[in-house]
Every structure is written in structure tokens, then in C-alpha cells.
Amino acid sequence: MITLTNKQARHFMLLKHGLLGDHKFNGKQGAFDFVRQAGCIQFDPVDSCGKNAELTLQSRVKGFTKQTLYELLYNDRMLVDYPDKNLSIIPTEDWPYFERYRNAAREGGRRFKELEELEANTKDYIQANGAVGSDNLPIQGSIHWHSSIHWSGNWSGDTNGYILPVS
């Protein structure tokens, strides 16, 4: 068994997370390596003085820019944003480990009888009218449902509405 003082443990954690001493992570590869080491970082789209993920990486990765994260997510596809309790950024290589949660969410959605009609009506509307944003769909009524997927906890409520059959 290894015994550490509180000071030694704090020192270790700061070094491990790249917050002490010279930069442990550098450039685009360093940003990827940090996310891989951490497992995930929170991806919050609010930008009051920088987005959370950008601030996290900027404090740890020498030469990090907003463009670095954008490229890793959307050009190189080495990272992906994914709901894991919060919206998070994970290495794309970890995608298979979350399959059971995606399957649970998919299967859980099939329990709601109104959802099948909603899906069919949505497809019919798009077929008849072309691509449309969710704000422009003719929505009326609601579906009562509950969620037990790991990142949303157990809750239930009514949706804002569902699509009536297209005539």
C-alpha cells in the first residue's frame, strides 16, 4: 500500500491534470491526449468568457486554440460530443462503450405508443414538404413519457406536443 500526505496527493493530482509545472500536453495531439486521459470533459455551449471545454484545454495544453477543439471534433473526428450525465466530449474510440446506453434510450422510447405515430407523421410531413426545422413542424397535443437513461435520471412529464396526422 502506498501512503501519501495530503500535500503529496494534491501535487500528484495537479501534475496528472497538467496544471503544475511545464505543459505536459502540447498542440492538437496534446488536447486529444488530455481528453483521452481524463476520459471526458464537459461540453457546455455557454460562452461568457470561453466555453468550458475550451477553458479546460487552454489551461492544460500549450498552443491550444478554439480552432484546435473544433478540428478535433468536426474535421478530424477524433473527439465527439455525447450526453454522459452532462453533454461531454469523449474520444471517438470510446463510442462503442456507450452502445448499451444508446440501445436503452432507443428501446425505452418504443414504450410510448404515441411515439410511433409521431415518427410516422414527422416522416410524412417531411416527405410532403421537404426539410424542416422542429420549430416549423405543425405540433399539437402532447405525449406523457418518462426517462430512465443514465444521464437524465428518473423523471416523467408531458412533452410540448406531437404532430397530428398530415392530411
Closest non-hydrogen atom pair, [X] against [Y]:
{"X": "Leu69", "Y": "Ala53", "value": "CD2-CB, 3.8 Å"}
{"X": "Tyr125", "Y": "Asn136", "value": "OH-O, 4.0 Å"}
{"X": "Tyr82", "Y": "Arg102", "value": "OH-CG, 3.1 Å"}
{"X": "Met78", "Y": "Gln29", "value": "CE-OE1, 4.4 Å"}
{"X": "Ile90", "Y": "Cys40", "value": "CG2-CB, 3.6 Å"}
{"X": "His17", "Y": "Phe34", "value": "O-CE1, 3.8 Å"}

Could you state whether [X] and [Y] fall into the same hydrophobic cluster, counting links through intermediate Ile, Leu, Val, Met, Phe, Trp or Tyr residues with side-chain heavy atoms under 4.5 angstrom apart?
{"X": "Leu14", "Y": "Val61", "value": "no"}
{"X": "Leu73", "Y": "Tyr70", "value": "yes"}
{"X": "Leu19", "Y": "Leu15", "value": "yes"}
{"X": "Tyr101", "Y": "Tyr97", "value": "yes"}
{"X": "Leu55", "Y": "Leu20", "value": "no"}

With a sphere of 6.0 Å drawn around [atom1] of [X], does it hold more than 12 non-hydrogen atoms of other residues, nucleotides or ligands?
{"X": "His23", "atom1": "NE2", "value": "yes"}
{"X": "Gln67", "atom1": "CD", "value": "yes"}
{"X": "Asp22", "atom1": "CG", "value": "no"}

- prompt: Per the side-chain contact (heavy atoms from CB on, under 4.5 Å) rule, which among Ile41, Leu72, Ile89, Thr65 passes with Leu57?
  reply: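 Single pass found, and it is Ile41.
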Gln37 side chain near Lys24 side chain, heavy-atom distance below 4.5 Å: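 Sidechains of Lys24 and Gln37: in contact.
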task: Would you check if Lys66 and Asp47 make a side-chain contact, meaning some heavy-atom pair closer than 4.5 Å?
output: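 Sidechains of Asp47 and Lys66: in contact.
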- request: Please determine which of Asp33, Thr68, Asp76 meets the side chain to side chain donor-acceptor pair (under 3.5 Å) test together with Lys28.
  value: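 Answer after filtering Asp33, Thr68, Asp76: Asp76.
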query: So, the side chain of Thr92 versus the backbone of Leu79: is there a donor-acceptor pair under 3.5 Å, distance only?
result: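 Here the side-chain-to-backbone pair exists.
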